K.L.:
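The following block contains the structure, expressed as structure tokens.
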Amino acid sequence: MKRYEPLTIENKWQEIWRNEQTYAAVDGDNSRPKLYVAEMFPYPSGAGLHVGHVRNFTIVDVVARFYRQQGYNVLRPIGWDTFGLPAENYAIKTGESPKKTTAQNIANFKTQYQRLGMAVDWSREINTSDPEYYHWTQWCFEQLFKTGLAYQKESYQWWCPVDKTVLANEQVEGGKCWRCGSEVEKKKMKQWFFKITDYADQLLEGLDDIDWPTKIKTMQRNWIGRSQGAEIEFKVDGDGQIIKVFTTRPDTLFGATFLVLAPEHRLVNELTTDEQRQSVQEYCRTAIKKSEIERQGDHEKTGVFTGSFVINPATGARMPIWVADYVLAGYGEGAIMAVPAHDQRDYDFAKKYDLPIIKVIDPTDDVNDDDVIDFYSGEGKLINSGDFDGTPTSDAREQIVAWLEEQGIGHSKVTYKMRDWLISRQRYWGAPIPIIHCPHCGNVAVPEEDLPVMLPDIDDYLPSGDGQSPLAKVESWVNTTCPQCGRPAKRETDTMDGYACSSWYLWRYTDAHDDKQAWDPAKVNYWAPLDFYVGGDHAVAHLLYVRFWAKFFAEHGYLNFTEPVKRLLYNGYINAPDGHKMSKSKGNVIDPLDVIDSGYGADTLRTYEMFIGPYELDAAWSTGGIAGVYRFLNRCWNLVQEFLDDQRRAKLDSDTQLELLKVQHIAIKKVTNDLYNAQFNTAVSALMEYLNGLSKLKEHGFDDKMWRQALGDLCQLLAPFAPHIANEMYAEMNGEDSRLDNIEWPKYDEKYLTTDTIKIAIQVNGKLRGDIEVAKDAEQNDVEQLALDQPNVARFTDGKQIVKKIYVPGKILNIVVK
RNA sequence: GGGCGAAUGGCGGAAUUGGUAGACGCUGCAGACUUAAAAUCUGCUGGUAGUAAUACCGUGAGGGUUCAAGUCCCUCUUCGCCCACCA
């Protein structure tokens, strides 16, 4: 009998798929449904793939192969996300150009990809650091620039002192740089932004229509952070200046007893009296310099009085103006009205600095008075609020805003936590921002026909540390002429955040090598939006940015959809056997190629990673578990060999025939439905059950026709998970030229799933007391009689009064006795 | 502090969404083959009692709804993730 040798057959089939270009997708084919599925494209690191990648890619591959076998026109592309810090940091350390190391890493990743048996359309391979690609990243930038959505602004920005670059909010994790982990600082710099805030409401609303995990949707909603409230103007006592504040609780206006400005607020200087000047300046200087981590958390509140006052428009009271760093400059107006009786933070501050506290809300009746000793932030009825006394807080919010509007000193307003997307990077290894700074014309976009602005080759990758990109040192590149006036001008030296490159790559796949446009609208609208997008990272950043760009380009006619991803499969991590994260430093990394080469092969690895648990949960690697999956594939192989080797052919009796058809069709149904529902782990167990069923039936001998069909279906159902062995077994049975990809997915027939008799579970008072075989269409009376005749049922019903009987046809009979 | 989610054998996990809890796999035990081991194959494997049939208990804890609850409702505990001075 021929032995199962995974490495030999895998090599063979990978070559066939390469030569035959089996997995090429056909643009614009309307004769069959299309399916577009992709993983979040990998960053090709020097370390190569790890088993976590394999899980991610295999999910995509299983979906792609399954739908292809269903007759879909499937697009399953791959590309490489190559701009970014790791390659550049490596260059700084070794002097080796990022271009060179990137090329090596891509070659390595590509080989590994092929060795996993991925059904990729290789003609669409893309690489974000290739000028052919970043040409169009720059074009995208210019579309945003033309419409005013890419703009330059001087502001305090996150700055990583180690990587010597600014960072986006999304790249600061717990006050630390997402790349190197060092503590970030605030630095005032002129930076490029994309105005994602213009799309805040659309980004929020779009979440309602997409099939994404609620976890991710919630994170995006939190990130956008929409608050409904009011903007209120306070007049400064004496000089007529106006300070605007944002509040979600306009109903507490009568309880506002002081006003607080963020240290960065533009009026701080002006409003500070001479007596207070020194302390205010000192306070602001240290507060602004303090890192955000120090300003966050449960630290005690600090602040300083400016010496000025505003007038409360509702009460006419003079309210002192303070400066305190618990008020954030970047949110709302950077100023608040403090209502210490009804806000924890204001209360703490008022207590510390002995400021007045006025209660203006009487809590609703069901609130325990003991809970309201200090401050109360819940709902209730207004008190001490003039004409509004007695009004419920929810009504008062509207009425007070209406009153403010009448007075012309306020209006309702919506505020977001989300800030604009900072995209400038003072680094070399990124797409150059295609802008020319002209002393006469200002910021001028590089004409589209001059794109791409090529990234020059350099030797010195070290950032200067003064906030300038290494590109600033390349004078021949920096100095140019203004495309508008022709006079000398300088190029922008910042490069774009890598997330800009990944914000549109899903559309580039549909028209990967077009040198006339970023994408052909006909092609992109045929394929996109994605039916499935698979990843385990970038819950907010990348997944928010692609949505933003989809909305922008849809608005300008380049796309006919506004949500780029219909269904998101967010997969969990693969951890070490002990449950800890795999990491190089711990030395517990499992290399997928080692697993393959140890003799298991890619099919076992793939199938195991699908079987390990629900795809969305983290899972721990188990050496026993993978051995079990190998055993399963080996048993499949041996069964097919036995069938082929056995010269005798048997004629099966009708019961055996029915039993064979039953296990066969149960498997088809279960695997098919599970794959539609992305329940990969239970699909694999259904395959195992199918094999177990077949193994039991083989003792009756092999009926040639029926077994050929049954084993052929096994190959077919197995193919999405273990494509090499499935194709090899199928070819052995049906000839070398047969290809599972050309054969239709098996269909199940309900008539084989039910037999003439079915088992009914019998309960007495809800406890299982036995089961009986009855005809499928048995009458309830007959079932009851049979059940009561069962000795073990009778034991519990004899001598008791039967209260009622509940019969669920085909399932259960519950006899209730007293 | 706020939000989301989870808790089922020795382990990973099943359970058609209210209808026979523990599928499938791992581990373990016993047996077959073998001079022997590995591999392979067969059987058993939630707990307690019993040779067994079977009974009782059992899905984090407590209560409730129901003929019937892992599944629905209330209270609590523990764990995980995300956000966090956002006015």
Side-chain angles (χ1 to χ4, degrees), chain A residues 174 213-223 225-227 229-230 245-250 252 256 260 262 292 295-301 324-328 330-339 342-346 348-349 377 415-419 539-540 572 577 579 608 611-614 616-629 631-632 634-635 638 669-670 673 679 681-692 695 759-771 791-792 795-796 803-808 810-817:
Chain A
T214 42
K215 182 176 79 169
I216 308 294
K217 289 194 191 184
T218 307
M219 282 167 73
Q220 294 213 351
R221 286 196 185 101
N222 287 344
W223 186 263
R226 185 183 200 272
S227 292
V245 305
F246 174 73
T247 178
T248 54
R249 294 298 300 271
T252 62
V260 188
E292 201 85 354
R295 282 173 69 170
Q296 282 170 358
D298 284 334
H299 289 283
E300 202 172 343
K301 291 187 176 42
D325 65 3
Y326 80 91
V327 174
L328 305 175
Y331 184 75
E333 297 294 332
I336 61 156
M337 66 176 205
V339 185
H342 304 291
D343 182 280
Q344 163 97 64
R345 297 151 299 181
D346 299 343
D348 293 345
F349 196 79
S377 59
T415 296
Y416 304 90
K417 284 189 203 172
M418 181 170 67
R419 316 289 157 85
V540 173
Y608 169 61
F611 182 60
I612 197 168
E616 70 271 25
L617 299 184
D618 289 354
W621 187 266
S622 146
T623 41
I626 192 167
V629 170
R631 239 169 266 154
F632 160 66
N634 200 29
R635 288 176 63 212
N638 288 341
K669 182 177 183 181
K670 178 79 176 140
N673 289 342
Q679 287 164 324
N681 55 328
T682 49
V684 175
S685 33
L687 286 164
M688 290 170 166
E689 283 179 90
Y690 184 31
L691 177 75
N692 291 344
S695 301
K759 215 164 74 170
I760 304 288
I762 310 301
Q763 296 181 335
V764 179
N765 284 351
K767 280 187 188 266
L768 182 70
R769 297 303 176 192
D771 50 51
N792 203 44
R795 273 173 63 193
F796 293 91
V803 181
K804 60 172 144 175
K805 303 173 200 127
I806 287 143
Y807 180 51
V808 183
K811 285 194 173 139
I812 206 160
L813 172 70
N814 190 11
I815 300 165
V816 185
V817 298

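These numbers come from the heavy atoms of this one structure, side chains and all, not from hydrogens, waters or symmetry mates. Chain naming here is simple, since letters A, B, ... match the order of the sequence lines and numbering starts at 1 in each. These numbers were taken from a predicted model, which means no experiment stands behind them.
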K.L.:
What's the gap between U71(B) and G64(B) when it is taken at their C1' atoms, as a whole Å value?
P.N.:
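After rounding to an integer number of Å, I get 15 Å for this pair.
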K.L.:
For a 4.5 angstrom cut-off between non-hydrogen side-chain atoms, does Y807(A) reach I760(A)?
P.N.:
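Yes, side chains in contact.
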K.L.:
Is a donor-acceptor contact shorter than 3.5 angstrom present between the side chain of N814(A) and the base of C67(B)?
P.N.:
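Yes, a donor-acceptor pair under 3.5 Å.
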K.L.:
Just jot down the ring-ring contact (aromatic ring centres under 6.0 Å, His included) partners of F349(A), sequence neighbours excluded, or say none.
P.N.:
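ring-ring contact (aromatic ring centres under 6.0 Å, His included) list for F349(A), sorted by chain: F258(A), W322(A), Y326(A), Y353(A).
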K.L.:
If you pin S622(A) and T415(A) to their nearest nucleotides in RNA chain B, which one's is more 5'?
P.N.:
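It is S622(A), whose closest nucleotide lies nearer the 5' terminus.
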K.L.:
What distance separates I815(A) CD1 from K804(A) NZ, expressed to the nearest 0.5 Å?
P.N.:
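Separation between the atoms: 13.5 Å.
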K.L.:
Is it true that a side-chain atom of N814(A) and a backbone atom of G766(A) form a donor plus acceptor pair closer than 3.5 Å?
P.N.:
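Side chain of N814(A) to backbone of G766(A), a donor-acceptor pair under 3.5 Å: yes, one is there.
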K.L.:
If we take the C1' atom in both G22(B) and U45(B), what is their distance in whole Å?
P.N.:
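Roughly 12 Å separates the two C1' atoms.
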K.L.:
So what does V808(A) hit on the nucleic acid, given a heavy-atom distance under 4.0 Å: a base, only sugar-phosphate, or nothing?
P.N.:
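Answer is base: heavy atoms of V808(A) come under 4.0 Å of a base.
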K.L.:
Sticking with atom P, work out how far C11(B) lies from G46(B), rounded to a whole angstrom.
P.N.:
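Rounded to whole Å, the distance is 13 Å.
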K.L.:
Which nucleotide wins on minimum distance to the side chain of T248(A), given the candidates A87(B), C56(B), C67(B)?
P.N.:
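So the side chain of T248(A) is nearest to A87(B).
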K.L.:
Represent RNA chain B in dot-bracket notation, 5' to 3'. Only Watson-Crick or G-U wobble pairs with both distances under 3.5 Å count; pseudoknot-style crossings use [ ] and interstrand partners use |.
P.N.:
(((((((..(((......[....))).(((((.......))))).((((....))))..(((((..]....))))))))))))....
K.L.:
How far does the C1' atom of A69(B) sit from the matching atom of A87(B), given to the nearest Å?
P.N.:
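Their C1' atoms lie roughly 45 Å apart.
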K.L.:
Checking all strands, does N692(A) fall into the base, sugar-phosphate, or nothing category for heavy-atom contacts under 4.0 angstrom?
P.N.:
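Sugar-phosphate, no base atom in range.
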K.L.:
Rounded to whole angstroms, how far apart are CG on D348(A) and P on G1(B)?
P.N.:
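So the CG-P distance, D348(A) to G1(B), works out to 14 Å.
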K.L.:
Taking syn as within 90° of 0 and anti otherwise, name the glycosidic form of G22(B).
P.N.:
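Glycosidic conformation of G22(B): anti.
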K.L.:
Would you kindly give the CD1-to-C1' distance between I626(A) and U27(B), to the nearest whole Å?
P.N.:
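Those two atoms, CD1 and C1', are 17 Å apart.
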K.L.:
Check every strand shown and say whether T214(A) touches a base, only sugar-phosphate, or nothing at a heavy-atom separation below 4.0 Å.
P.N.:
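T214(A): no heavy atom of the nucleic acid under 4.0 Å.
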K.L.:
Pick the C1' atom in G12(B) and in U16(B), then give their distance to the nearest Å.
P.N.:
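My reading of the C1' atoms in G12(B) and U16(B) gives 22 Å.
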K.L.:
Please confirm whether the backbone N or O of M688(A) pairs with a side-chain atom of R635(A), one donor and one acceptor, at under 3.5 Å?
P.N.:
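Not a single qualifying donor-acceptor pair exists.
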K.L.:
Categorize Q763(A) for me: base, sugar-phosphate, or nothing, with a 4.0 angstrom heavy-atom threshold over every strand shown.
P.N.:
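Base contact.
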K.L.:
Find the distance L328(A):CG to C83(B):C1' and express it as a whole number of Å.
P.N.:
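In whole Å, C83(B) C1' and L328(A) CG are 14 Å from each other.
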K.L.:
Can you find a pair of side-chain heavy atoms, one from D346(A) and one from I336(A), that are under 4.5 Å apart?
P.N.:
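They are in contact (side-chain heavy atoms under 4.5 Å apart), so the answer is yes.
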K.L.:
Take atom P in C26(B) and the same atom in C41(B), then report the distance between them in whole Å.
P.N.:
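It works out to 10 Å between them.
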K.L.:
Expressed as a whole number of Å, how far does the C1' atom of A39(B) sit from that of U48(B)?
P.N.:
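That atom pair is separated by 38 Å.
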K.L.:
Taking only side-chain nitrogens and oxygens of K215(A), does any of them come within less than 4.0 Å of OP1 or OP2 of C4(B)?
P.N.:
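No, outside the criterion.
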K.L.:
Do the non-hydrogen side-chain atoms of F796(A) and V817(A) ever get within less than 4.5 Å of each other?
P.N.:
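F796(A) does not reach V817(A) side chain to side chain.
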K.L.:
Determine: side-chain N/O of K417(A) to OP1/OP2 of G2(B), distance under 4.0 Å, yes or no.
P.N.:
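Answer is no, no contact under 4.0 Å.
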K.L.:
Please round to the nearest 0.5 Å and tell me the distance separating atom CD1 of I812(A) and atom CG of L768(A).
P.N.:
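Nearest 0.5 Å value for the CD1-CG distance: 7.5 Å.
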K.L.:
For N222(A) and C82(B), give me the distance from atom CG to atom P, rounded to whole Å.
P.N.:
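It is 12 Å, rounded to the nearest whole Å.
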K.L.:
What's the separation between atom OG1 in T682(A) and atom CD in E689(A), rounded to the nearest 0.5 Å?
P.N.:
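The distance works out to 10.0 Å.
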K.L.:
Can you measure from CG (N222(A)) to NZ (K417(A)) and round to the nearest 0.5 angstrom?
P.N.:
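N222(A) CG to K417(A) NZ: 6.5 Å, rounded to 0.5 Å.
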K.L.:
To the side chain of I806(A), which of C24(B), C67(B), C85(B) is closest?
P.N.:
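Within the option list, the nearest is C67(B).
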K.L.:
Starting at CD of Q220(A) and ending at P of C4(B), how long is that distance when rounded to a whole Å?
P.N.:
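My rounded result for the distance is 17 Å.
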K.L.:
Does U17(B) adopt a syn or an anti glycosidic conformation, taking syn as a chi angle within 90° of 0?
P.N.:
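Here the answer is syn: the torsion falls within 90° of 0.
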K.L.:
For the CE atom of M418(A) and the OH atom of Y331(A), what is their distance to the nearest 0.5 Å?
P.N.:
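Going from CE on M418(A) over to OH on Y331(A), the span is 12.0 Å.
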K.L.:
Please produce a list of atom pairs where a protein N or O lies less than 3.5 Å from an N or O of nucleotides 48-55 of chain B.
P.N.:
residue : atom : partner : partner atom : Å
A55(B)  : OP1  : R769(A) : NH1          : 3.1
A55(B)  : OP1  : N792(A) : ND2          : 3.2

K.L.:
Is D343(A) reaching over with its side chain to a backbone N or O of A338(A), donor-acceptor style, under 3.5 angstrom?
P.N.:
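Not a single qualifying donor-acceptor pair exists.
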K.L.:
Establish whether the base of C67(B) is bridged to the side chain of K805(A) by a donor-acceptor pair shorter than 3.5 Å.
P.N.:
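Such a pair does not exist between side chain and base.
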K.L.:
Which heavy atom of M337(A) sits nearest a heavy atom of R249(A), and at what distance?
P.N.:
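Closest pair (atom of M337(A), atom of R249(A), distance): CE-O, 3.7 Å.
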K.L.:
Quick check: closest heavy atoms across K301(A) and D348(A), and the distance to 0.1 Å?
P.N.:
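Scanning both residues completely, I find the closest heavy atoms to be NZ-OD2, 4.1 Å.
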K.L.:
Using atom P in both nucleotides, what's the gap between U20(B) and G10(B) to the nearest angstrom?
P.N.:
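About 23 Å, rounded to a whole number of Å.
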K.L.:
Can you tell me how far C1' of C4(B) sits from CE of M219(A), to the nearest Å?
P.N.:
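It is 10 Å, rounded to the nearest whole Å.
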K.L.:
Toward the 5' end of RNA chain B, which comes first, G766(A) or S685(A), by nearest nucleotide?
P.N.:
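Checking each residue's closest nucleotide, the 5'-ward one belongs to S685(A).
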K.L.:
Output one line per pair: protein atom, nucleotide atom from nucleotides 8-16 of chain B, and distance, for all N/O pairs under 3.5 Å.
P.N.:
residue : atom : partner : partner atom : Å
G12(B)  : O2'  : I612(A) : O            : 3.0
A14(B)  : OP1  : N681(A) : ND2          : 3.1

K.L.:
Below 4.5 Å, heavy atoms only, C-beta onward: do P213(A) and E616(A) meet side chain to side chain?
P.N.:
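Heavy-atom side-chain distance check fails, nothing below 4.5 Å.
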K.L.:
Residues two or more places apart in sequence or in another chain: which of them pass side-chain hydrogen bond (donor to acceptor under 3.5 Å, both in side chains) with K217(A)?
P.N.:
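Listed in chain order: nothing, the list is empty.
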K.L.:
Each nucleotide N or O in nucleotides 40-44 of chain B that has a protein N or O under 3.5 Å away: list the pair and distance.
P.N.:
residue : atom : partner : partner atom : Å
C41(B)  : OP1  : R635(A) : NE           : 3.4

K.L.:
Just by distance, do the side chain of Y608(A) and the backbone of T623(A) share a donor-acceptor pair under 3.5 Å?
P.N.:
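Looks like no, no N/O pair under 3.5 Å.
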K.L.:
Quick one: is Y331(A) getting a side-chain N or O under 4.0 Å of the A87(B) phosphate, OP1 or OP2?
P.N.:
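Yes.
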